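We count ligands from 1, going down the list as the structure has it; atoms in each ligand are counted the same way. Atom set for the values below is all heavy atoms of this structure, side chains included, hydrogens, waters and symmetry mates excluded. Keep in mind that what you see is a predicted model, and the values were worked out from it rather than measured.
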Amino acid sequence: MPEETLFTKIINGDIPAEKLYEDDICICIRDISPQAPTHVLLIPRKPIPRLADASEEDQAILGHLMVKAGEIARQLGVDEAFRLVVNNGAGAGQTVFHLHLHILGNKKFSEQGLGM
Ligand code: AMP
């Protein structure tokens with residue numbers, strides 16, 4: 001059995017986290033080290049290591065995450081300006097190898113390009 005990821009441990013309640021939302025496909029928690037005044041993580045229960053490891057069978061999960069990202073942004077009051085970030089691979093800054101979407105808001109973003 002592969003070792004459980006940090007996020008699987010949070011999903012299972014073995015490590016505490018501030019959960020904002022959960023359903024049978026995903027959970028949303030506050031990031032422990034926020035990079036913006038609003039910074040939450042949307043995590044599928046299925047431990048897909050990286051976005052690049054997702055396959056056709058994960059389409060419904062990925063679609064669900066995108067819809068929930070919009071809903072959660074609305075609930076957090078940042079739907080007018082938020083950024084979704086997926087780090088894929090260590091070279092892109094991924095540190096937890098269990099797919100997750102960062103939802104970042106309440107921050108002045110560079111209005112052009114990807115400057116954070
Ligand atoms: P990434 O670098 O894209 O893999 O993102 C991993 C994120 O998980 C980072 O933003 C961390 O701050 C966050 N993180 C790490 N441990 C925890 C934890 N116990 N609870 C909530 N967020 C965490």
Requested in this report: Go through the steps to decide whether Arg74 and Glu80 satisfy the test salt bridge (charged side-chain N to carboxylate O under 4.0 Å, His left out), and finish with yes or no.
Outcome: CA-CA 8 Å; Arg74 203 154 47 241; Glu80 288 303 319; over 6 Å; no
List ligand 1's nitrogen or oxygen atoms that come under 3.5 Å of a protein nitrogen or oxygen, with the partner atom and distance.
unit_1: ligand 1; atom_1: 2 (O); unit_2: Gly93; atom_2: O; d: 2.8
unit_1: ligand 1; atom_1: 2 (O); unit_2: Thr95; atom_2: N; d: 3.3
unit_1: ligand 1; atom_1: 2 (O); unit_2: Thr95; atom_2: OG1; d: 3.0
unit_1: ligand 1; atom_1: 3 (O); unit_2: Asn87; atom_2: ND2; d: 2.8
unit_1: ligand 1; atom_1: 3 (O); unit_2: His100; atom_2: NE2; d: 3.0
unit_1: ligand 1; atom_1: 3 (O); unit_2: His102; atom_2: NE2; d: 2.8
unit_1: ligand 1; atom_1: 4 (O); unit_2: Thr95; atom_2: N; d: 2.7
unit_1: ligand 1; atom_1: 4 (O); unit_2: Thr95; atom_2: OG1; d: 3.2
unit_1: ligand 1; atom_1: 4 (O); unit_2: Val96; atom_2: N; d: 3.0
unit_1: ligand 1; atom_1: 4 (O); unit_2: His100; atom_2: NE2; d: 3.1
unit_1: ligand 1; atom_1: 5 (O); unit_2: His100; atom_2: NE2; d: 2.9
unit_1: ligand 1; atom_1: 5 (O); unit_2: His102; atom_2: NE2; d: 3.2
unit_1: ligand 1; atom_1: 10 (O); unit_2: Asp31; atom_2: OD1; d: 3.3
unit_1: ligand 1; atom_1: 10 (O); unit_2: Asp31; atom_2: OD2; d: 2.5
unit_1: ligand 1; atom_1: 12 (O); unit_2: Asp31; atom_2: OD1; d: 2.5
unit_1: ligand 1; atom_1: 22 (N); unit_2: Ile32; atom_2: N; d: 3.2

**Report entry** Non-hydrogen side-chain atoms of Leu99 and Phe7 separated by less than 4.5 Å
**Finding:** no
Query raised in the report: Does the distance from a Lys or Arg side-chain N to an Asp or Glu carboxylate O, for Glu22 and Lys68, drop under 4.0 Å?
Result: no
Query raised in the report: Between His100 and His98, is the ring centre distance below 6.0 Å?
Result: no
Listed pairs under 3.5 Å, donor-acceptor, residues 59-66 side chains, sequence neighbours left out:
unit_1: Gln59; atom_1: NE2; unit_2: Glu56; atom_2: OE1; d: 2.8
unit_1: His64; atom_1: NE2; unit_2: Asp23; atom_2: OD2; d: 2.7

Query raised in the report: Does the side chain of Ile29 come within less than 4.5 Å of Ile43's, by heavy atoms?
Result: yes
